[in-house]
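The structure appears right after this line, and notes come after that.
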Amino acid sequence: MLRKTFAILIIAILFAFYFVYPLSAPTNGADMEGKNTAYHIKIKMTSQREFEVEEDIYVVNKGEQAIDKLLFQVFPKAFAQPGTSPIAATGYPAGWSAGNLVVNEVTISNQHVTPFFEGVLMVLPLKNPILPGNGKTVKVKFTMKVPLLNYRFGRYNDVVNLGDWYPLLVPSGREITVYPSVGDPANASVADYSLDLTIPQKYTAVTSGVLTEQKDSLLGHKTLSYEGESLRSFAIVLGENLRIKRSQVGNTNIEYAFIDDQNTDVVVDTLKDALFFYEENFGQYPYPKLTLVETYLSPFQGVEYPGLIMLASRVKDKEDIVRRVLAHEIAHQWWYGTVGNDQVREPWIDESIATYASKLFIEDQLNKDFNFGSDLAATASAGRIDFLSPVTAFENREEYLTHVYYGGAMFWTALEHQVGKKELIDFLKDIYREYHFSEITTVQMHQEINRLVEQ
Ligand SMILES: [Zn+2]
């Protein structure tokens, strides 16, 4: 009874929001034709703090309108000032530490261009628009400073996390000027990557891509070359004391990079089991490799990037939490990585499905009920589950988790009770196939759910 009432409540909320929520323009879910946008990046570590980077982006216009300006998210800029950092100055482990990204030169089709910035958004006006089906090469040279911070972009002890670190092309309408303190900031379409990373020999690197070549260079350095196809982002983690354990599920190579883990089996087994489980339920994992890396990360327990997941070192010895975090973050490879969405304005899509997927995994594998979190019952009974809001609507992380992750997953659970578990999983399988390497909006998801409910 309670479940039925809850299902009706939740679906009513979804429908109500359909009329009042600011909706973004629907995109075509079909596969795009033609060449992908491609990044070619050369990044060199000049100290643990600083990097020099040359980034070439071949931008393809896959839309139907001419493009007259290019928008890039430059998230490291947020770390230049305490007032713009996503982490309060008091949250820095050794006091405030500045990071930054300074653009030294930009050319488009070999012509110099002066970028202008609005917060973390870099705008490049185009003298000659890019017509549909055409492309242009943008070259950006920059230096980057990494703050002393245990965050997705930061360095702590001997580990350097580079997440959302380079100027990242953002589709018009999905850009932001402020790095939000809650949720995920990036909103890129998939692109192909080749990246050369030059680091001192003593470092071990793991990335979103696949290692294709390693060359030793002068003065104790090495250059590692990586490639990756159809990635929304390219993350890197470097460490002086990272060790790697490798394994395989089907054709997918798995690597677990760890700082100091006595209990690698729990992590590696969960990684393998979840990969297998989601392939069975949603469809094939789209990349040749999946990396999990233990790193210093706060306030997160885990963070997802395509082909690479960061796991917070502080939770690695707590088996229940590790399983729960991994189940959620691995599900993001399907929901966010492969089927994208506007992570800032419509974060419920990937977060609620990843949480619902982790519920399916935990119930199936551990034969145990999924705990939705202690605050949720009170929130639900107060009738104010607000899972469709943008990340900026939430005051803090706990509120965001309660509403978007758990409230959103309760919506899918209610829908499961209404249409049946197998039917809902088949529905998600169809969405995975239909929106593969594309993006789905709230409007489209609403239409798809309507079709499922009316069947
Ligand atoms: Zn998530």
Side-chain angles (χ1 to χ4, degrees), residues 75 86 151-153 161 163-164 179-188 208 231-233 235 270-271 274-275 277-278 281-282 285 290-293 295 297-312 314-315 320-362 370-373 375-376 385-394 396-413 428 431-432 435 439-440 442 445:
F75 291 116
Y151 197 63
R152 56 213 286 175
F153 178 72
N161 296 334
D164 307 308
Y179 196 131
S181 57
V182 163
D184 297 307
N187 248 332
S208 287
L231 303 171
R232 281 184 205 281
S233 180
T270 308
L271 199 50
L275 187 64
F277 182 81
Y278 296 143
N281 283 286
F282 304 135
Y285 175 72
L290 178 59
T291 297
L292 181 80
V293 54
T295 185
L297 203 56
S298 179
F300 314 100
Q301 295 180 325
V303 167
E304 75 283 8
Y305 288 99
L308 181 140
I309 295 162
M310 298 178 184
L311 173 70
R314 71 181 190 284
V315 302
D320 275 3
I321 296 179
V322 164
R323 285 203 182 90
R324 198 176 164 109
V325 171
L326 291 190
H328 178 94
E329 303 305 340
I330 294 165
H332 271 307
Q333 299 297 322
W334 281 257
W335 310 104
Y336 149 69
T338 309
V339 177
N341 57 287
D342 186 329
Q343 297 216 103
V344 175
R345 292 164 190 85
E346 303 183 332
W348 79 277
I349 297 177
D350 65 306
E351 292 305 351
S352 71
I353 304 180
T355 308
Y356 174 67
S358 67
K359 174 184 184 297
L360 293 174
F361 174 75
I362 284 167
F370 184 83
N371 175 9
F372 274 106
D375 295 339
L376 196 64
I385 289 183
D386 186 14
F387 65 90
L388 293 168
S389 290
V391 293
T392 46
F394 300 96
N396 57 54
R397 204 176 128 73
E398 287 64 39
E399 197 181 276
Y400 178 61
L401 290 176
T402 299
H403 288 267
V404 177
Y405 285 50
Y406 297 112
M410 280 178 102
F411 161 72
W412 292 106
T413 306
L428 290 172
I431 298 286
Y432 183 68
Y435 294 87
E439 288 88 39
I440 187 165
T442 296
M445 187 63 92

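Any value given below was found using the heavy atoms of this structure, including those in side chains, with hydrogens, waters and symmetry copies removed. Residue numbers count from 1 along this sequence. Indexing begins at 1, ligand by ligand and atom by atom, following the structure's order.
With 2.8 Å as the limit, D184 does not count as an N, O or S neighbour of the Zn ion (ligand 1).
Checked by atom type and distance alone, the side chain of D342 pairs as donor or acceptor with a backbone atom of V344 at under 3.5 Å.
In this pair, Y400 and Y405 present their aromatic rings perpendicular. The plane angle is above 60°, beyond the 30 to 60° band. Ring geometry, H403 versus F394: the interplanar angle falls from 30° to 60°, so the pair is classed tilted.
Sorting the N, O or S atoms of E351 by how far they are from the Zn ion (ligand 1) puts OE1 first.
Note on R232 versus E439: salt bridge recorded, some NZ/NE/NH1/NH2 to OD/OE distance being below 4.0 Å.
The angle that H328 NE2 and H332 NE2 make at the Zn ion (ligand 1), rounded to 10°, works out to 100°.
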